[in-house]
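So that the names make sense, note that chain A is the first sequence line, chain B the second, and so on, each numbered from 1.
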Amino acid sequence: MRRGGQHARATRGASRPPPLDDSPALQAIWHVVCTIPRGRAATYGAVARAAGFPGRARQAGYALRVAPAALKLPWHRVVGAGGRIVFARSSRAHQEQARRLRSEGVRVTEGRLERGALTDLT
DNA sequence: TCGATGACCTCTA
DNA sequence: ATAGAGGCCATCG
């Protein structure tokens, strides 16, 4: 992928945690997403943490965003803190995510998942 | 190089 | 419950 054709190799400072744009990092996140059991959901933060990137929830979202459709990830099982669907209520993605979750037996009301649907991946 | 922009989170008030 | 401030970091113009 590498959307803009930009190439970013370089400066892997040993001072900072490993960069996310490395394929292994993306795969680690994608893998974690695959481990979320059917009928449950995990937050972006939990996914990032489980993949070895605590505090980088935002990057978990990025990983999902750039994930090849061919991977067929259960992306709908990843939600915002507190079990909130992050997409705008009016958006197509929001409805699609709610639809998929409900089809797995998860109750979704007003963009919120029922308490208990969340798993911390620990 | 910089500033803005996100499928985000946590803490305070 | 809502709002703001900080923090995080890859991408893009």
| query | Between A:Ala60 and A:Val47, which heavy-atom pair has the shortest distance, and what is it? | reply |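 Shortest heavy-atom separation between A:Ala60 and A:Val47 comes out as CB-CG1, 4.5 Å.
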- Task: Taking all heavy atoms of A:Leu121 and all of A:Ala50, pick out the closest pair and write down the distance.
- Result: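 So the minimum-distance heavy-atom pair works out to CB-CB, 4.1 Å.
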Taking atom [atom1] in both [N] and [M], compute the distance separating them and give it to the nearest angstrom.
N     : M     : atom1 : result
B:dT5 : C:dC8 : C1'   : 13 Å
C:dG4 : B:dA7 : C1'   : 22 Å
C:dA5 : B:dA4 : P     : 15 Å

Without decimals, in angstroms, what is the distance between [X] [atom1] and [N] [atom2]?
X        : N      : atom1 : atom2 : value
A:Arg84  : B:dT10 : CZ    : C1'   : 13 Å
A:Arg58  : C:dT11 : CZ    : P     : 14 Å
A:Ile29  : B:dC8  : CD1   : C1'   : 12 Å
A:Leu64  : B:dG6  : CG    : P     : 17 Å
A:Arg49  : B:dC8  : CZ    : C1'   : 13 Å
A:Trp30  : B:dA7  : CH2   : C1'   : 15 Å
A:Arg112 : C:dT2  : CZ    : P     : 8 Å
A:His76  : B:dA7  : NE2   : P     : 19 Å

Query raised in the report: Should A:Arg40 and A:Glu104 count as an ion pair when the cut-off is N to O under 4.0 Å?
Result: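 No, A:Arg40 and A:Glu104 are not salt-bridged.
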**Item:** From A:Ile85, A:Val86, A:Leu113, residue fulfilling side-chain contact (heavy atoms from CB on, under 4.5 Å) relative to A:Gln97
**Value:**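 In the set A:Ile85, A:Val86, A:Leu113, the residue that makes a side-chain contact (heavy atoms from CB on, under 4.5 Å) with A:Gln97 is A:Ile85.
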Item checked: Which nucleotide in B:dT10, B:dA7, C:dG7 has an atom nearest any side-chain atom of A:Ala81 ->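 Nearest nucleotide to the side chain: B:dT10.
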Under 4.0 Å between a side-chain N or O of A:Tyr62 and OP1 or OP2 of C:dC9?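 No, outside the criterion.
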_It should be established whether A:Arg56 places a side-chain nitrogen or oxygen under 4.0 Å from OP1 or OP2 of nucleotide C:dC9._
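Yes, A:Arg56 has a side-chain N/O under 4.0 Å of OP1/OP2 on C:dC9.
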* Asked: Going by modelled atom types, is there a donor-acceptor pair between the base of C:dC9 and the side chain of A:Gln59 at under 3.5 Å?
  ->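 When only heavy-atom distances are counted, A:Gln59 does reach the base of C:dC9 through a donor-acceptor pair under 3.5 Å.
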inquiry  = Is any side-chain heavy atom of A:Ile36 closer than 4.5 Å to one of A:Pro74?
reply    =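 Side chain of A:Pro74 against side chain of A:Ile36, heavy atoms only: no contact under 4.5 Å found.
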